[in-house]
Amino acid sequence: MPKCNGANSRPKPWERQPGEGEKPFAAFVVYRDMEEKRSLKAVADELHKSYTLIRRWNDNWNWQERARAFDNDLQKQQYAEAKKASRKMATRHIDIALQMQVKALQALKNLDPEKLDPKTLIVLIREATSLERANRAELEKICGGVEQEGRAADSLAEVIVAAWEMRQNNGNN
């Protein structure tokens, strides 16, 4: 018999039921575990029992409904496991992204502006502008469009372009 979950609790449908003999339950387990290939004939063949006996056990112990409850419980468990795995994956990916950001910022700080060609600079400006725009939109969505005091109005792209122009002008003087 399955372990008792409380004084008045009944066994789950796929567990041995009160009054169910060992042999009918063992036959049910064979049926239950066949999954989509379930059939009374297959159980009879596998256990070398008569089809009539297997059918009687099936009728007496409501195998189809019990197997359906078993399948539903398995689906719930699989869904819960998939959600848990998905959360773990998202957390892992966030950790990786944060580590990559730290490395990228270190590399950006070590970049010698004198060695940047205009093509690379344009790519950096476009990417920085795109990131800024996406993050400002996300912040606006979160904050409901409320502007924070003391925040600079200039975009990062404008600051980078101004710095580039100043560097170019200083180099030509």
Side-chain angles (χ1 to χ4, degrees), residues 1-110 123-148 151 155-157:
M1 285 300 249
K3 62 183 175 197
C4 187
N5 297 330
N8 295 328
S9 69
R10 292 187 43 82
K12 294 183 175 155
W14 53 89
E15 297 173 336
R16 190 170 169 190
Q17 301 299 297
E20 184 176 25
E22 277 185 46
K23 289 181 181 180
F25 179 67
F28 167 69
V29 169
V30 170
Y31 176 80
R32 178 195 71 194
D33 294 348
M34 287 181 168
E35 297 177 350
E36 69 275 348
K37 296 178 182 177
R38 286 183 189 125
S39 81
L40 299 180
K41 178 158 178 21
V43 174
D45 291 346
E46 185 170 327
L47 297 178
H48 306 290
K49 303 278 184 191
S50 75
Y51 176 79
T52 305
L53 175 65
I54 296 300
R55 184 165 180 196
R56 185 170 8 125
W57 286 345
N58 167 68
D59 293 343
N60 289 342
W61 296 105
N62 200 11
W63 285 6
Q64 284 89 2
E65 188 153 327
R66 290 171 66 193
R68 191 174 311 116
F70 179 75
D71 293 343
N72 290 342
D73 189 67
L74 277 180
Q75 277 187 323
K76 285 178 191 174
Q77 288 176 27
Q78 290 168 345
Y79 179 74
E81 288 173 16
K83 273 180 72 172
K84 186 177 177 180
S86 184
R87 278 192 217 110
K88 279 184 175 181
M89 178 190 67
T91 300
R92 188 175 62 251
H93 288 178
I94 288 168
D95 289 343
I96 291 168
L98 291 173
Q99 290 174 23
M100 290 174 67
Q101 287 177 11
V102 168
K103 296 293 183 190
L105 287 173
Q106 287 172 348
L108 190 59
K109 285 179 185 176
N110 293 333
V123 169
L124 285 172
I125 290 170
R126 280 188 187 143
E127 197 58 36
T129 303
S130 175
L131 286 170
E132 179 194 13
R133 186 175 291 118
N135 284 295
R136 283 186 188 259
E138 186 67 24
L139 184 62
E140 196 169 308
K141 197 184 318 177
I142 292 169
C143 297
V146 177
E147 293 233 5
Q148 296 177 354
R151 193 157 183 109
S155 73
L156 179 59

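In this structure, the side chains of W63 and I54 come closer than 4.5 Å at one or more pairs of heavy atoms.
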Return a table of donor-acceptor pairs under 3.5 angstrom between the side chains of residues 92-103 and protein atoms on other chains or two or more places apart.
none

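Listed by first and then second residue, the salt bridge (Lys or Arg N to Asp or Glu O under 4.0 Å) pairs that reach into residues 34-43 are R38-D71, K41-D45, sequence neighbours excluded. For the salt bridge (Lys or Arg N to Asp or Glu O under 4.0 Å) condition, the pairs that include at least one residue of residues 47-66, sequence neighbours left out, are E20-R66.
One N or O on the side chain of T129 and one on the backbone of I125 form a donor-acceptor pair closer than 3.5 Å. Put simply, the side chain of Q17 gets close to the backbone of E15: a donor and an acceptor are under 3.5 Å apart. Without hydrogens or angle criteria, T91 side chain to R87 main chain gives a donor-acceptor distance under 3.5 Å.
Listed by chain and number, the residues in a side chain to side chain donor-acceptor pair (under 3.5 Å) with D73 are Q77 (sequence neighbours excluded). Legend: residues meeting salt bridge (Lys or Arg N to Asp or Glu O under 4.0 Å) with R32, ordered by chain and number and at least two apart, are absent. In this structure, the side chain to side chain donor-acceptor pair (under 3.5 Å) partners of Q64, at least two apart in sequence or on a different chain, are N58. Take Q75 and apply the side-chain contact (heavy atoms from CB on, under 4.5 Å) test, not counting sequence neighbours, and it matches N72. Under the side-chain contact (heavy atoms from CB on, under 4.5 Å) criterion, A42 pairs with M34, S39, not counting sequence neighbours. By the salt bridge (Lys or Arg N to Asp or Glu O under 4.0 Å) test, E22 is found to be paired with no residue, residues two or more places apart in sequence or in another chain being considered.
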